[in-house]
2 protein chains.
Amino acid sequence: MLNTLNTLYLPELREMIAMGDAAGLREFTEALHAARVAEFMEGLDPQESWAVLQAADPATRVEVFGFFDEEQQVKIVESCGPVEASQLIADMPADDRVDLLEEVDDAIVEQVLPLMPAEERRDILRLREYPEGTAGSVMTTEMARIPETLSVREALEEIGRQSQELETIYYIYIVDEGNHLRGLVSARELVAHLGKPNTSVGDLMTRDLVTVLAEDDQEAVARKVASYDFLAIPVVDDQQHLLGIITHDDVIDVFRAEAEEDAYLAGAIDPLVETYLGTPWYTLAWKRGMWLFILSIAALLTVVALRGYEGQMERVTWLAIFLPLIISSGGNSGGQSATLVITSLTSGRLKTADWGKVLHREAVMGLSLGAFLAVLSYAYALLLINGPSPFEKLVIPITLMLVVIAGTLCGGALPLIFRRLGLDPALMSNPFVAGIIDVAGILIYMSVAALMLS
Amino acid sequence: MLNTLNTLYLPELREMIAMGDAAGLREFTEALHAARVAEFMEGLDPQESWAVLQAADPATRVEVFGFFDEEQQVKIVESCGPVEASQLIADMPADDRVDLLEEVDDAIVEQVLPLMPAEERRDILRLREYPEGTAGSVMTTEMARIPETLSVREALEEIGRQSQELETIYYIYIVDEGNHLRGLVSARELVAHLGKPNTSVGDLMTRDLVTVLAEDDQEAVARKVASYDFLAIPVVDDQQHLLGIITHDDVIDVFRAEAEEDAYLAGAIDPLVETYLGTPWYTLAWKRGMWLFILSIAALLTVVALRGYEGQMERVTWLAIFLPLIISSGGNSGGQSATLVITSLTSGRLKTADWGKVLHREAVMGLSLGAFLAVLSYAYALLLINGPSPFEKLVIPITLMLVVIAGTLCGGALPLIFRRLGLDPALMSNPFVAGIIDVAGILIYMSVAALMLS
């Protein structure tokens, strides 16, 4: 429905832009939630978008701009002129503007940075130093910060003054003169004590704070925020200086990005930075091709393994008919085990110390699922194939039983081994486990056949 | 580190419990953040945990209890006696207690419910009616609600009074006498207007609200909250009555649950309700076995397909050697395409209307990746196999080219078709696409071989 509305409003918007109807445009930007205003503007080109933004008041302008997707933001910054760009960027939340500047053409960044207020410029340069994926790279440096000597009333007044520039006022951080983090008080507690406005915030504050270091991994930080149900978490250095905070919306973004990254790895694709349709085809081909190349080495090993059994397959021609069934059953059951272990490790609910339980569990799974698939495949073999005797056909269920057990044990163990070695367990997902099981499956199949049919 | 601390503190805790040291236990529950207190108590049995909780003051008790995992909560409720349980549950957040009661033994729920205050009981019965997966099932009914006639000062005082019972005070909802949602004002705006305490909240409130319906899908709701960077979103019925709110922490939980569900489906496992190690083995075997059974039907089709070419494989025995390489290459490249399309559809950045772009893109990918793998496999064939001539070996690269194109097109198209039919596109992930490509790959391989080698 929004999309229909969107196209319906566009001609009207364009007319206002053409007529220079600043009052009308300003009214449009005020009438709706900033996220909706941004949605309605999706169809405009960068010049048109900038015309609308210019008509808005500065606070609304930066809010609407914040809801554009990054591509659109970059185009506007690159086309609106350095003075306008520097003002807009100075008003943006501290963490978002650093992300944006990373995407903007370097020559333009060089023009824009010197035009910004010194404090903002220093802040940008400092935040840029934190490597991607760390807590420092997603934190914002704008948070409510007060000394512990204030009373409840003074604190609320101070927060009221600071609030225009802050992303959130829901946690208020208490620091000493040296900017060491001493405690935290929530807006809720302040408001609940309005009846006793002279209470000191030092008496209300929580002192046992959960903090993270700027160099901590963003995924671990996000898990911490989620498990404590925090709205934000303070980021400190090793001397407890308050550097910034990471807010709930950044945590949601981190979770979504990490889930997507894991999904890509599980599909044997190097994680994309842009969207699927927005990635150039050669980048996509590279991100897929490199993993396909690695997987092709596993496939090469199947050729090598089978070459050794060419004679046996010539003598017993029906063996080849069951080859795909056997290796896909091993791959599928091993892939399931890998998925379960990787997902549990990623969510933090399984530790490498649990390896004994995992192997026991996967052995039980291998036995039960293997028995089930063995019975099923023996039925297929009895019904579909005429040449060999029922005894000879027993090669199929026996092989399947062994291949499925090998698959579940491998699929369970490999992600644990990867985690233990400090590697991402998601690398040992479905396609890779399947590649390994393909080779093991062929060796098992041919050995069982050699034993039973000799 | 926490785990070490945990075991260090346990004997001390147990001693305090044995000695009935209520003051000491109470001090322990107050000294740390509730989430940490809960962590430290992980090693205690339900009776011991209850002894600690009883020593805490009621607000801390329910907060600490909220950080236990569900299994532990159920055990405590089932063992602490109906009167105590009913008090504890009455104090819990409205959404969490409904989830908990669903897990508790029905006989105990029957004892506990009549002991609860009438308002809480009605609230529980009402929330229980919303089916799982809807906005109604994750919302809480406790939110800050005021009439629009209040002034800023009156509003803050009212919120201060309500705040003990509320999950969040950061958005304050403005309703008329009939509980119709009229607008919203944030705690930040109220605090920012402390200097003008007589301003009416009706003048400050935002009227253009983004709301969701109680029967909306929770995943769509979570995406909405994330895209607007909301702290909470109001849930209404079709007459705009305010029913509840969904808060940022529930949104994080929804995202994590949905990402996990997608990961399980991508690994061909029916999504688990409990943890991997917490699921009984027969449940796990069933959730894996049913998908393996479906995949075994695809495997059965490979047997049927190959049976038709038994004569050809007897004549040209080296064909079987490349069988696993060919079907795994098709499966891997098709699985990549499926992963990309499913992930993009799930994140909302790709629409079924984009099918033309997707197919074009996957055709380009199929051609480039297919050409790459074709060259690679021809090199493998030339180096490793001695029997056939270089011309005969061309069967391999030609087949691979065609199989990879078929794989990428299938992998790209099937999730789109599933979404179009109203089914979950994640069902068409890696293992299923691979199963389909296995059969297609065999048919392509044998047809190319028949044409080139006749």
Side-chain angles (χ1 to χ4, degrees), chain A residues 32-33 35 156 159-160 163 169-170 187-188 191-192 194 208 226 228-229 248-249 252 255 259-260 263 266-267 269 275-276 281 285 288-289 295-296 299-300 302-303 306-307 313-314 317 320-321 323-325 327-328 332 335-336 339-340 343-344 349 357 364 368-369 372 376 380 430-431 438, chain B residues 32-33 35 156 159-160 163 169-170 187-188 191-192 194 208 226 228-229 248-249 252 255 259-260 263 266-267 269 275-277 281 285 288-289 295-296 299-300 302-303 306-307 313-314 317 320-321 323-325 327-328 332 335-336 339-340 343-344 349 364 368-369 372 376 380 430-431 438:
Chain A
L32 301 164
H33 186 282
L156 279 171
I159 301 309
S163 75
I169 60 152
Y170 306 127
R188 177 210 290 250
V191 170
L194 261 182
D208 172 55
Y228 284 94
D229 284 351
H248 67 101
D249 50 324
I252 292 181
F255 274 124
E260 214 162 276
I269 305 155
T275 61
Y276 163 61
W281 77 267
R288 295 172 65 159
L295 290 170
S296 88
L300 173 65
T302 65
V303 176
L306 278 174
R307 199 183 48 168
M313 287 205 291
E314 269 175 50
T317 51
I321 293 177
L323 203 46
L325 177 137
I327 61 178
S328 74
N332 288 332
Q336 287 183 332
T339 302
L340 284 165
T343 311
S344 307
R349 284 182 306 225
K357 285 185 207 163
V364 172
S368 47
L369 296 174
F372 169 62
L376 213 58
Y380 293 165
N430 221 324
D438 282 358
Chain B
L32 301 163
H33 186 283
L156 279 171
I159 302 309
S163 75
I169 61 152
Y170 306 127
R188 173 210 294 250
V191 170
L194 261 183
D208 172 57
Y228 285 92
D229 283 350
H248 67 103
D249 50 324
I252 291 181
F255 274 124
E260 213 161 278
I269 305 156
T275 61
Y276 163 62
L277 287 179
W281 77 267
R288 296 172 64 159
L295 291 169
S296 88
L300 174 64
T302 64
V303 176
L306 279 174
R307 199 183 49 168
M313 287 206 291
E314 269 175 50
T317 51
I321 293 177
L323 203 45
L325 178 138
I327 61 178
S328 74
N332 288 332
Q336 287 182 332
T339 301
L340 284 165
T343 311
S344 307
R349 284 182 305 225
V364 172
S368 47
L369 296 174
F372 169 62
L376 213 58
Y380 293 166
N430 221 324
D438 282 359

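In the text below, chain A, chain B and the rest are named by the order of the sequence lines, each starting its count at 1.
Interface remark: A:I321 contributes backbone and side-chain atoms alike to the contact with chain B (heavy atom separation under 4.5 Å). Residue contact with chain A, scored on non-hydrogen atoms closer than 4.5 Å, involves the backbone and the side chain of B:A285 alike. If you measure heavy-atom distances from B:L323 to chain A, the contacts under 4.5 Å come from the side chain alone. Within the 4.5 angstrom heavy-atom criterion, only side-chain atoms of B:V364, from C-beta onward, approach chain A. If you measure heavy-atom distances from B:S296 to chain A, the contacts under 4.5 Å come from both the backbone and the side chain. Of the atoms belonging to A:A266, it is backbone heavy atoms, and not side-chain ones, that fall under 4.5 Å from chain B. Contact of B:Y276 with chain A is made through backbone and side chain together, with heavy-atom distances under 4.5 Å. Looking at B:L376, the atoms closer than 4.5 Å to chain A (heavy atoms on both sides) all sit in the side chain, from C-beta outward. Only the side chain of B:D438 comes within contact range of chain A, with heavy atoms under 4.5 Å apart. Heavy-atom distances place both the backbone and the side chain of B:L277 under 4.5 Å from chain A. Heavy atoms of B:R307 lying under 4.5 Å from chain A belong to its backbone as well as its side chain. For chain A, the nearby part of B:L369 is the side chain; its heavy atoms alone come within less than 4.5 Å.
Each of B:I159, B:V303, B:T302 has some count of heavy-atom pairs under 4.5 Å with chain A, and the biggest count is that of B:V303. Between chain B and the options A:Y380, A:F255, A:W281, A:F372, the largest number of non-hydrogen pairs under 4.5 Å is found for A:Y380. Heavy-atom pairs under 4.5 Å with chain B peak, among A:G267, A:A259, A:A320, at A:G267. With chain B as the partner, the residue from A:T275, A:L295, A:L300 showing the most heavy-atom pairs under 4.5 Å is A:L300. Chain B forms more heavy-atom pairs under 4.5 Å with one residue of A:P431, A:P324, A:A226, A:A192 than with any other, namely A:P324.
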For the pair A:Y170 and B:Y170, evaluate ring pair (Phe, Tyr, Trp, His ring centres under 6.0 Å) and give the outcome as yes or no after the intermediate values. CA-CA 7 Å; A:Y170 306 127; B:Y170 306 127; 4.2 Å; yes

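What you find for A:E314 and B:T317 is that their closest heavy atoms are CG-CG2, 3.0 Å. Residue B:I252 comes nearest to A:I252 through the heavy atom pair CG1-CG1, 3.6 Å, listed as atom of the first residue, atom of the second, then distance. Taking both residues in full, the closest heavy atoms of A:A263 and B:T343 are given as CB-OG1, 4.0 Å, listed atom of the first, atom of the second, then distance. Between B:L156 and A:L194, the shortest heavy-atom contact is CB-CD1, 3.4 Å.
With respect to B:R288, the side chain to side chain contact (heavy atoms under 4.5 Å, CB included) criterion is satisfied by exactly one of A:T339, A:N332, A:L340: A:L340.
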